[in-house]
Student: 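Structure below; questions to follow.
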Amino acid sequence: MEDETSDFKKRYDAIFKVLQESSGSNEIQLVDGGEHADLSSTQAFIVAKEKKIPPATWAQDFVSTYSRAISETASATVKAAGPYLNFYFDDSYLANALSNATQPGYGSSLKKTIRVVLEHTSANPNGPLHVGHIRNSIIGDTLARAFRKAGYRLEVQYYVNDMGRQIAIVIWGFDHLDSAQAEGEKEDAHIARIYIAANRAIEKDAAITGQVDTLMQLVEGGDPATVKKFRKEVSRCLDGFAVTLKNLNVAHNRFVWESDFIRNGDTKRVISRIKKLPQAKEEGTLALDLSEFGFENKYVIRRTDGTSVYAARDLAFHAWKAANFDRIIDVLGADHKLIGAQLQCTLKLLGERTPEIVYFEFVSLPEGSMSTRAGKFVSADDLITEVTKHAFHEVTMRRPELEESTRKSIASSVALAAIRYDIVKVSPETRTVFDWNDALNFERQSGPYIQYAHARACSILEKAGTFTECCELETDYEIALARQIAKFPIVIGKVITELRPHFLATYARELADTFNSFYHFEPVLKSEGAVRDRRLTLVKAAQNTLKESLETLGIDAISTM
RNA sequence: GGGCGAGUGGCUUAGCCCGGACAUAGCGUCAGCCUCCUAAGCUGAAUGCCGGGGGUUCAAAUCCCCCCUCGCCCGCCA
């Protein structure tokens, strides 16, 4: 089990301390050495400035004076490359890492007691999930998996916006339009069809807006018949989402309904607390003046007619999360940045724990932004269907001898890998345009590419039979692979501290790259004796690390493809 | 108008928070590799004023200022 006391961290801290002593500086430079070394330092430049000596000279002096200390406290050697200091861990570092990496659950940490709540997806139930929504789902689900891997107690929630205007429009459509469900039509697609039709009707006849308002008042007032209708259609839409999310290997622990925060009085309670804030302004509406924090507009909490707005329910929801969890994480689209910041600011004023918010930029189509209302979107279901079809075709071309059921099973795993990886690999702040060619690409920088490396490793292990574990490495390819394997627990740690799941996507791809080079240049099954043993050990470690990486990405680690 | 984010080879993309050693990789292009562990693979080549301009620094894709372009947001919607 890796933890705060991991081998890497111990060595890092030891070297850090020596650098502190030797330079007498407050500022210590010690980073990943990349291709140069295990760790590198540019401390010489800092010291050179302070003490007016050439950096290369100081680096040389450091090596002669502190080599011994480095060796004793960090089991590492140090070399000066001009002004740069390069630190190389001794063989035990890779040997330990390799030995850990062959064990099930590699990369997991000790169980932690803090409770984390993670909210993601939370799309309005007015139509199927589309390729924009599932960016939220996949970022959120990958983070969730990384948290669990790191030993956190985690609850994943979906916040159901069941009393919004969009839903009222859907209900109006069901009441007034030809709304029968078509043969074989999925619930969420059915609801989208009615929602789109209702919006067209509203465009033609503005009077309908008044009827929609009436529905909203009825539902907030708790009119039983209206509430029942809302619940029914929202539930049906969620049933549709459940199928999509299951196909994407995305899971939630709890669906939290927005209207519950009206019913249980939480919204009222949070509003009365807000009233007491010095920033509160009651002039018909209840609103907060957050201008001292840089927010220009008023943050409205309650309408003139006494009903609450979304923000009020969201505050109640977050106050509840704050009371029950130690760390709160929300995954939201970039369009929520302003209201997210206002929410955080208000919770702070109330003295509540504030959520950490992960924002992701929009996915658009080549012809422009997506819109459920206008019916302009690529649904996640269609995406899954098309990619699976393509995957089945590819599997059949490559492995015609396999049973059809096996090919189908591989195809669905490959499709899932392609979709999830294609989305999670780009950093959240990068705006993307959905592209069928990218979605259907199963080559390098794709999920299937990483699955393929894993399948190759499995194939070798299956043919190898038993072997004696051996962690003494020789060639450059062996060492490069082991170094990459050793980084896995550090990457998991980075993903959860920085809330950036694409680090893991990049890591898994690099691990597959390194493994493929090793595979190409270092024959395993044809080698003999100790060479065979250590290469098989490496293959086992690589296979297991690829498996753990893939599974944390929510991708099946299949053993043949 | 204000706020936030982005601009990196023909296309896509990492690095930016925390400045350092030849800017990461993919697609596409070109040249190679299956009597050898799955070619969804591997090797090599060409292609970059890291949007523009200033500044800070021994050192800037990275930090600061200005400008340009694009996206999102600025509702008693959610």
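Lettering follows sequence order; numbering is per chain, from 1.
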Student: Tell me whether the OP1 or OP2 atom of U12(B) has a side-chain N or O from Arg444(A) closer than 4.0 Å.
Tutor: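 Indeed not, no polar side-chain atom of Arg444(A) lies that close.
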Student: Describe the nucleic acid contact of Ser41(A) in one word from base, sugar-phosphate, nothing, applying a heavy-atom distance below 4.0 Å.
Tutor: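 No contact.
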Student: Could you tell me how far apart Arg398(A) (CZ) and C34(B) (P) are, to the nearest whole angstrom?
Tutor: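 The distance from CZ of Arg398(A) to P of C34(B) comes to 19 Å, rounded to the nearest Å.
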Student: Looking at Thr307(A), is its backbone amide N or carbonyl O close enough to the side chain of Arg302(A) to form a donor-acceptor pair, meaning the two atoms are under 3.5 Å apart?
Tutor: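 Side chain of Arg302(A) to backbone of Thr307(A): no pair is present.
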Student: Which listed nucleotide (G26(B), C22(B), C74(B)) is nearest to the side chain of Leu338(A)?
Tutor: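 Of the candidates, C74(B) comes closest.
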Student: Among the candidates G20(B), A78(B), G41(B), find the nucleotide nearest to the side-chain atoms of Met216(A).
Tutor: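 Closest of the options to the side chain of Met216(A): A78(B).
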Student: Think Arg165(A) has a side-chain N or O under 4.0 angstrom from the OP1 or OP2 of G75(B)?
Tutor: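 No, Arg165(A) has no side-chain N/O under 4.0 Å of OP1/OP2 on G75(B).
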Student: Just the table, please: protein N/O against nucleotides 70-72 of chain B N/O, every pair under 3.5 Å.
Tutor:
unit_1, atom_1, unit_2, atom_2, d
C70(B), O2', Arg431(A), NH1, 3.2
C70(B), O2, Arg431(A), NH2, 3.0
G71(B), O4', Arg431(A), NH1, 3.4

Student: Is the shortest side-chain heavy-atom distance between Arg534(A) and Glu474(A) below 4.5 Å?
Tutor: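 A side-chain contact under 4.5 Å exists here.
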Student: Has the side chain of Gln29(A) got a donor or acceptor atom that lies under 3.5 Å from a matching backbone atom of Gln43(A)?
Tutor: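 Answer holds: no.
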Student: If you check every side-chain atom of Arg456(A), which of A40(B), C18(B), G41(B) has the closest atom?
Tutor: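 For the Arg456(A) side chain, the nearest candidate turns out to be G41(B).
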Student: Name the nucleic acid region contacted by Glu522(A), choosing base, sugar-phosphate or nothing; use a 4.0 angstrom heavy-atom cut-off, strictly under.
Tutor: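 Counting heavy atoms under 4.0 Å across all strands, the contact made by Glu522(A) includes a base.
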Student: Does any N or O in the side chain of Gln451(A) come within less than 3.5 Å of the main-chain N or O of Asp556(A), such that one atom is a donor and the other an acceptor?
Tutor: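 The answer is yes, because a donor-acceptor pair under 3.5 Å joins these two groups.
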Student: Stacking here means centres under 5.5 Å and planes under 30°; does His502(A) stack on A14(B)?
Tutor: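 No; centroid distance or tilt outside limits.
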Student: Does A14(B) have OP1 or OP2 under 4.0 Å away from a side-chain N or O of Arg500(A)?
Tutor: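 No, because none of the side-chain N or O atoms of Arg500(A) sits under 4.0 Å from OP1 or OP2 of A14(B).
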Student: Base, sugar-phosphate, or nothing: which does Arg509(A) touch, judged by heavy atoms less than 4.0 Å apart?
Tutor: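 Sugar-phosphate, backbone atoms only, no base.
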Student: Check this one for me: any side-chain N or O of Ser517(A) less than 4.0 Å away from OP1 or OP2 of U43(B)?
Tutor: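 Yes, within the criterion.
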Student: Are the side chain of Asn199(A) and the backbone of Tyr195(A) linked by a donor-acceptor contact shorter than 3.5 Å?
Tutor: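 Side chain of Asn199(A) to backbone of Tyr195(A), a donor-acceptor pair under 3.5 Å: yes, one is there.
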Student: Describe the nucleic acid contact of Tyr507(A) in one word from base, sugar-phosphate, nothing, applying a heavy-atom distance below 4.0 Å.
Tutor: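 If one applies the 4.0 Å heavy-atom cut-off, Tyr507(A) turns out to touch nothing in the nucleic acid.
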Student: OP1 or OP2 of C42(B) versus the side-chain N and O atoms of Asn516(A): is any pair under 4.0 Å?
Tutor: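 Answer is yes, contact under 4.0 Å.
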Student: Start at the 5' end of RNA chain B and walk down; is the nucleotide closest to Thr506(A) or to Tyr519(A) reached first?
Tutor: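 The residue whose closest nucleotide sits nearer the 5' end is Thr506(A).
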Student: Looking only at side-chain N and O atoms, does Tyr299(A) come under 4.0 Å of OP1 or OP2 in C74(B)?
Tutor: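 Checking Tyr299(A) against C74(B): no side-chain N or O falls below 4.0 Å of OP1 or OP2.
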Student: Ignoring backbone atoms, test whether Ser427(A) places a side-chain nitrogen or oxygen under 4.0 Å from the OP1 or OP2 oxygen of A14(B).
Tutor: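 Result: yes.
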Student: What nucleotide among C36(B), C58(B), A21(B) has an atom nearest to a side-chain atom of His36(A)?
Tutor: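 Closest nucleotide among those given: A21(B).
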Student: Classify the side chain of Ser40(A) and the base of A21(B) as holding, or not holding, a donor-acceptor pair under 3.5 Å.
Tutor: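 Per atom types, the contact qualifies.
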Student: Looking only at atom C1', what distance separates C77(B) and G10(B), rounded to whole Å?
Tutor: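 That atom pair is separated by 43 Å.
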Student: Between Ser23(A) and Ser25(A), is there a donor-acceptor pair closer than 3.5 Å when you use the side chain of the first and the backbone of the second?
Tutor: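 Side chain of Ser23(A) to backbone of Ser25(A): a pair is present.
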Student: Between G41(B), A78(B), G2(B), which nucleotide gets closest to the side-chain atoms of Glu296(A)?
Tutor: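 The answer is G2(B).
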Student: Dot-bracket for RNA chain B, please, read 5' to 3', with Watson-Crick or G-U wobble pairs under 3.5 Å on both distances, ( ) within the strand, [ ] crossing, | other strand, . unpaired.
Tutor: (((((((..(((.......[....))).(((((.......))))).....(((((..]....))))))))))))....
Student: Backbone N or O of Arg313(A) within a donor-acceptor pair of the Thr267(A) side chain at under 3.5 Å?
Tutor: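 The answer is no, because no donor-acceptor pair under 3.5 Å joins these two groups.
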Student: Applying a 4.0 Å non-hydrogen cut-off, can you work out what Val31(A) is touching in the nucleic acid: base, sugar-phosphate, or nothing?
Tutor: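 Nothing, no heavy atom under 4.0 Å.
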Student: So is the aromatic ring of Tyr359(A) stacked onto the base of G5(B), judging by whether the centres are under 5.5 Å apart and the planes are under 30° apart?
Tutor: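 By the stated criterion, Tyr359(A) and G5(B) do not stack.
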Student: Return the set of residues passing salt bridge (Lys or Arg N to Asp or Glu O under 4.0 Å) with Asp213(A) (not counting sequence neighbours), or none when no residue passes.
Tutor: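 Residues passing salt bridge (Lys or Arg N to Asp or Glu O under 4.0 Å) with Asp213(A): Arg165(A).
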